[in-house]
Every structure is written in C-alpha cells, then in structure tokens.
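For ligands, and for the atoms within them, numbers begin at 1 and follow the listed sequence.
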Amino acid sequence: MVLDVLIIGSGPAGCTAAIYAARANLKVLVVAGFEAGGQLMITSDVENFPGFEHAITGPSLMEQMRKQAMRFGAEFRDEDATAVDFTVRPFKVTSSSGTHEARAVIVATGSTAKWLGLPSETRLRGHGVSACATCDGFFFKEKEVVVIGGGDSAMEEALFLTKYATKVTIIHRRDSFKASKIMAARAQSHPKIAIRWDTTVEELLGETTVTGVRLKNLKTGKVETLACQGYFSAIGHTPNTGLFKGSLHLDEMGYIMQEGAYDTYTSVEGVFVAGDVYDHRYKQAITAAGSGCKAAIDAERWLETQGSH
Ligand code: NDP
C-alpha cells in the first residue's frame, strides 16, 4: 500500500502535520522515532503554548497531540527511520518494520543536545553527567550540580534543578547571557543559583561518578576545582539530519534548507520539512507546530497537483 504522507518524527511539528494531513483524509504514517515525542518529552512545564492557561508538562502535551492525530486515523510507529530514497516515486522510507512507500514525505526529525566533547564527559555519562534535567534531576536531591551554557536551555535546566539540588552553578564562557531577559532574570535572582562568568570546564572529575569539575577563568587564567555531583550540558542542539545527507540540501550547520515556492519545500519536490530540523532561529514548540501545519497543507496541495489525492 502506498501512503499519501509519511511523516518522519513525532515532536510538535510531526504531530501537528499528522493532525492536519489525517484530517484532510490522507493516509498517514508517522515514523515516530525510537524516542517518540521529541524534545518536549524532556521538558518540564510548558508555559508558553497557547491554550493552556496554566502550565502543561511537555510529555502530557505530546501525548495529547499524538492522540489527537490518531483520532483522525494517523498511524504511529515508535521506530527510527534508517534509510530514505527520495530519487524514486513513490518515495521510500525504511524503518525496523520494513520499507514504506509514500507519495509525499514530511521531515520533522528535530534536533538533539550538544556536548562540550570532553572525554570525561563521555566516560561519566549516566553517572552524574546528563543533558536533560527533567529526566535526571530527581537523582540529584540534596546534591550540588553545575549547568553549562548561557542560553534559555541553561536557564531552564538550572531553574528546574533547584527543585532538587541544594546548589546549582551555571558556568558560562562569557560575561553576559544569551538567554531571554525574563529567563536570565529568573535564574540570576534565584537564591539557589550561582553563576561563574567567563569560565569553561576543562575536565570533569571522578572515577566512577562525578565529584567535581576543573574550571578555568578565561579572563584571569585561574584554574580551580568546584565540587559537584551532577553535570548538565545545556549548550545548544544539533539538527537530526544525518539520514538526509546526500538526499536533501543541508546548510553549513546541517539544517535542512528550505527551497522552492513555499516555506516547507525542500530541494526535492514532494519532500517537505517542519520544525527544529530546519528552524534554528525560533525553535519553539508553537513554531514547530505551526510549521507542521504548513507542511501538511503544502503536502496536501502538492498531492492534488499530482492527481493522487
Ligand atoms: P543557544 O544556542 O541559544 O545557547 C547555547 C549556549 O551555550 C550559549 O550561551 C553558548 O555560549 C553556549 N555554548 C555553546 N557552545 C558552547 C561551548 N562549546 N562551550 C561553552 N558554551 C557553549 O541554545 P539553547 O539550547 O539555550 O536555546 C536554543 C533556542 O531554543 C533559543 O532560541 C532559545 O530561546 C530557545 N529555548 C527557549 C526556551 C523557552 O522559551 N522556554 C527554553 C529553551 C530553549 P555563547 O552565549 O557564548 O554563544
């Protein structure tokens, strides 16, 4: 059976695309990913998604979006896409349950967390090292932790960790935050949060679990050790586009490039894009959802021109 629309990814972009495409009576399969739901699955309270007067948790929001898409007939499979062939029509997308054929594809694979790249960071991952406060914060009750970064993610992680940790130190390489003013102000005024400006992590300390970090002040050159039991990397994200190298045009940072008549068109006609995998500016759940809507509408209209709807 040839699908009308195959959606790769199941964050706000993929789920919204699925809602719109399924409601347009198209046959829709979502290859949702082994870690379905995208980045909101590792987010605590979402306060800025319209429609929820009070905060909703990221996982609850994603569960509702997915169920909403399923109500209109979209099928979800919690498998990773492992290969794509966009040189043939119908397009082919392979996952563990087989190779699926689709007249149109929407790529909504999002982005994932970056690491500093220190060997000790890799060695101690899961033993005090994390990139997800929501997932792992609970393990740091009554402990001291550090958060690396100066963007909104770092502020959000640090604020979340104050629920558990006795002290949270934000380590930032410059002397001002990149984060939005409101998030930075919340972090800076929090009694449990300390900030080390102009500072980098040279090494994580500890044999089997994190016991501290070796810090270097970039202005004074001073090196010192800070004791901590948790280390959270919050320095940004990398787009999940490895699967599309050679199939779709990517920009110098690896994000999928928009090409063609409309916002969600890619370098291959009939393959559309939505969410953080091509948006490195806004990166919000609501903007991802909005672009998922656009991608589904673009796919539907394009399919009509192909005489296959
Ligand atoms: P950003 O790219 O905004 O910030 C990354 C931070 O990490 C920067 O402060 C950067 O330093 C620092 N950094 C990057 N690489 C290194 C490195 N190798 N060593 C040390 N520090 C490093 O990423 P975020 O994930 O914070 O945010 C991405 C987007 O998502 C933003 O648009 C943000 O607004 C949004 N967002 C919104 C949230 C919300 O509204 N609730 C929550 C989370 C994210 P420098 O400042 O020097 O460049």
Side-chain angles (χ1 to χ4, degrees), residues 11-13 37-52 54-62 110-122 129-135 137 146-163 168-188 190 193 195-204 213-219 226 231-240 251-255 275-291:
Q39 289 192 86
L40 280 188
M41 298 304 280
I42 56 167
T43 301
S44 51
D45 289 348
V46 180
E47 292 181 323
N48 51 11
F49 200 91
F52 299 93
H54 303 289
I56 181 169
T57 68
S60 311
L61 181 57
M62 289 325 302
S111 58
T112 44
K114 278 188 196 165
W115 298 89
L116 287 185
L118 301 167
S120 48
E121 199 181 39
T122 313
V129 172
S130 171
C132 173
T134 315
C135 319
V146 296
V147 174
I148 320 306
D152 280 329
S153 294
M155 304 304 118
E156 197 174 63
E157 299 277 275
L159 285 161
F160 181 77
L161 286 164
T162 60
K163 294 184 188 180
V168 179
T169 304
I170 299 175
I171 296 164
H172 184 39
R173 64 184 177 184
R174 291 189 298 117
D175 61 3
S176 64
F177 283 138
K178 185 178 176 184
S180 57
K181 284 196 170 62
I182 185 165
M183 298 282 281
R186 270 188 210 166
Q188 280 175 280
H190 198 287
I193 296 180
I195 299 160
R196 295 289 183 109
W197 303 106
D198 302 305
T199 300
T200 53
V201 177
E202 283 202 324
E203 210 60 75
L204 281 72
V213 281
R214 194 167 72 236
L215 303 177
K216 183 174 184 180
N217 185 300
L218 295 170
K219 283 198 173 148
L226 178 70
Y231 169 100
F232 288 81
S233 178
I235 60 168
H237 293 82
T238 309
N240 298 322
D251 70 12
E252 69 284 354
M253 291 186 289
Y255 287 86
D276 289 6
V277 73
Y278 87 127
D279 163 29
H280 40 80
R281 180 173 170 81
Y282 300 104
K283 287 181 174 261
Q284 300 299 299
I286 188 64
T287 52
S291 74

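Note on ring orientation: taking the six-membered ring where Trp is involved, the planes of Phe177 and His172 are tilted (angle from 30° to 60°).
Put simply, the side chain of Glu157 never gets that close to the backbone of Val147: no donor and acceptor are under 3.5 Å apart.
For the side-chain hydrogen bond (donor to acceptor under 3.5 Å, both in side chains) test with Thr112, the passing option among Asp276, Asn240, Thr238 is Asn240; the others fail.
Counting heavy atoms of neighbouring residues, nucleotides and ligands inside a 6.0 Å radius, atom OH of Tyr282 does not exceed 12 of them.
Enumerated by chain and number, the residues approaching ligand 1 to less than 4.0 Å through a heavy atom are Asn48, Leu116, Gly149, Gly150, Gly151, Asp152, Ser153, Glu156, His172, Arg173, Arg174, Lys178, Ile235, Gly236, His237, Arg281, Lys283, Gln284.
The distance from atom CG of Asp175 to atom CD1 of Ile195, rounded to the nearest 0.5 Å, is 12.0 Å.
Considering only heavy atoms from C-beta on, Leu226 comes within 4.5 Å of Arg196 through its side chain.
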